[in-house]
Amino acid sequence: MSDISAELPCSILMFISSLQGGGAERVMSELANELTRRGHPVCIVTYLADASTDFYSLDPQIERIAIDAGPPAKTSAGRFWRIIRIVGALRRLLRDRRPGVALAFMESANVMLVLAALGMRLRIVV
């Protein structure tokens with residue numbers, strides 16, 4: 001797991017819940033590997049799991065970041081505040097890494113990326 005306070009450039013930031021398996025996760029990992037092969041600095045950010053649970057292999061040059069939002073919440077209020085923590089951490093990453101574009105895969109990640117990028121001059125793809 002990478003330190004989310006580091007300020008490394010990342011031209012393409014990709015955001016998804018995890019890389020534990022599934023079609024969107026496979027597409028993201030293949031796209032990230034190809035973009036890296038073509039010379040683009042890529043970072044992949046997840047919020048449900050860290051790299052130790054990844055099913056798909058990533059190029060070693062890809063920065064892998066896991067947002068630690070604490071344990072899963074059991075109440076609606078707890079889930080709401082957990083989402084707020086994830087969006088805040090993602091916003092800090094966007095500000096620090098200054099990607100040229102940010103991509104999100106899957107509905108919840110799409111919404112969180114849009115919220116995190118509000119007011120920023122950033123191209124996003126959801």
Side-chain angles (χ1 to χ4, degrees):
M1 177 167 29
S2 296
D3 175 12
I4 65 171
S5 64
E7 293 188 22
L8 302 172
C10 176
S11 67
I12 302 168
L13 184 141
M14 297 181 171
F15 182 59
I16 195 166
S17 60
S18 74
L19 290 177
Q20 293 179 324
E25 293 84 351
R26 181 184 56 79
V27 170
M28 176 180 274
S29 62
E30 288 180 8
L31 180 60
N33 286 331
E34 180 61 24
L35 289 168
T36 299
R37 189 184 69 72
R38 292 181 183 205
H40 300 281
V42 174
C43 53
I44 293 182
V45 180
T46 59
Y47 61 92
L48 289 182
D50 62 22
S52 68
T53 64
D54 288 356
F55 181 77
Y56 299 103
S57 298
L58 296 175
D59 185 294
Q61 295 180 54
I62 295 172
E63 183 179 12
R64 179 67 173 79
I65 302 167
I67 292 173
D68 182 4
K74 296 180 179 172
T75 66
S76 294
R79 285 189 288 276
F80 172 79
W81 288 110
R82 187 168 193 269
I83 290 168
I84 296 299
R85 287 191 301 274
I86 293 166
V87 169
L90 181 58
R91 185 170 180 82
R92 285 187 295 279
L93 279 169
L94 294 172
R95 184 188 62 230
D96 293 345
R97 305 301 164 85
R98 296 179 292 279
V101 65
L103 292 85
F105 288 63
M106 305 301 290
E107 294 84 5
S108 57
N110 292 345
V111 171
M112 286 189 264
L113 177 60
V114 169
L115 290 172
L118 281 175
M120 294 183 169
R121 296 183 61 86
L122 171 67
R123 283 181 245 153
I124 59 172
V125 179
V126 295

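Predicted, not measured: the structure shown is a model, and the values here were computed from it.
Not one N or O on the side chain of R97 forms a donor-acceptor pair closer than 3.5 Å with the backbone of C10. Using modelled atom types, one side-chain atom of Y56 and one backbone atom of G22 make a donor-acceptor pair closer than 3.5 Å. The closest donor-acceptor contact from the side chain of N33 to the backbone of D59 lies under 3.5 Å.
Summarising the geometry, atom CD belonging to Q61 is positioned 6.5 Å from atom OG1 belonging to T36; distances are rounded to the nearest 0.5 Å. Rounding to the nearest 0.5 angstrom, the gap separating the CD1 atom in I86 from the OG atom in S108 is 8.5 Å. The CG atom of L90 lies 6.5 Å from the CG atom of L13; values are rounded to the nearest 0.5 Å. Going from atom CZ of R79 over to atom CD1 of I84 covers 14.0 Å, rounded to the nearest 0.5 Å. One finds the CZ atom of F15 at 12.5 Å from the CE atom of M106 (value rounded to the nearest 0.5 Å). Separation of atoms OG (S18) and CG (D54) is listed at 7.5 Å; rounding is to 0.5 Å.
The two residues L122 and A102 make their nearest non-hydrogen contact at CD2-CB, 4.1 Å. Across every non-hydrogen atom of R85 and A69, the tightest pair is NH2-O, 3.0 Å. Considering every non-hydrogen atom in both Y47 and R82, the closest pair reads O-NH2, 3.9 Å. Shown here for A49 and A66, the closest heavy-atom pair between the two residues is O-CB, 3.9 Å. Considering every non-hydrogen atom in both S57 and S29, the closest pair reads O-CB, 4.4 Å.
Residues I65 and V42 fall into different hydrophobic clusters, defined by Ile, Leu, Val, Met, Phe, Trp and Tyr side chains chained together at heavy-atom separations under 4.5 Å. Hydrophobic clustering of Ile, Leu, Val, Met, Phe, Trp and Tyr side chains at less than 4.5 Å, counting indirect connections, unites L118 with I67. Both M120 and I124 are members of a single hydrophobic cluster when ILVMFWY side chains are connected at heavy-atom separations under 4.5 Å. Cluster annotation: I12 and F105 are assigned to the same hydrophobic cluster (Ile/Leu/Val/Met/Phe/Trp/Tyr, side-chain heavy-atom contacts under 4.5 Å, transitive). The hydrophobic clustering, which links ILVMFWY residues whose side-chain heavy atoms are closer than 4.5 Å, places V126 and L93 together.
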>> Applying side chain to side chain contact (heavy atoms under 4.5 Å, CB included) to R64 and T46, what does each step give before you reach the verdict?
In response: CA-CA 8 Å; R64 179 67 173 79; T46 59; 2.9 Å; yes
>> What verdict does the side chain to side chain contact (heavy atoms under 4.5 Å, CB included) test give for L58 and L19, after you've listed the backbone C-alpha separation in whole Å, the side-chain angles of each residue and the deciding distance to 0.1 Å?
In response: CA-CA 10 Å; L58 296 175; L19 290 177; 3.8 Å; yes
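No side-chain heavy atom of I62 sits under 4.5 Å from any side-chain heavy atom of M14. Residues L31 and L103 meet the side-chain proximity criterion, which asks for heavy atoms closer than 4.5 Å.
Atom CZ of R123 has 12 or fewer neighbouring heavy atoms from other residues, nucleotides or ligands inside a 6.0 Å radius. Around CD of E34, the count of heavy atoms belonging to other residues, nucleotides or ligands within 6.0 Å exceeds 12.
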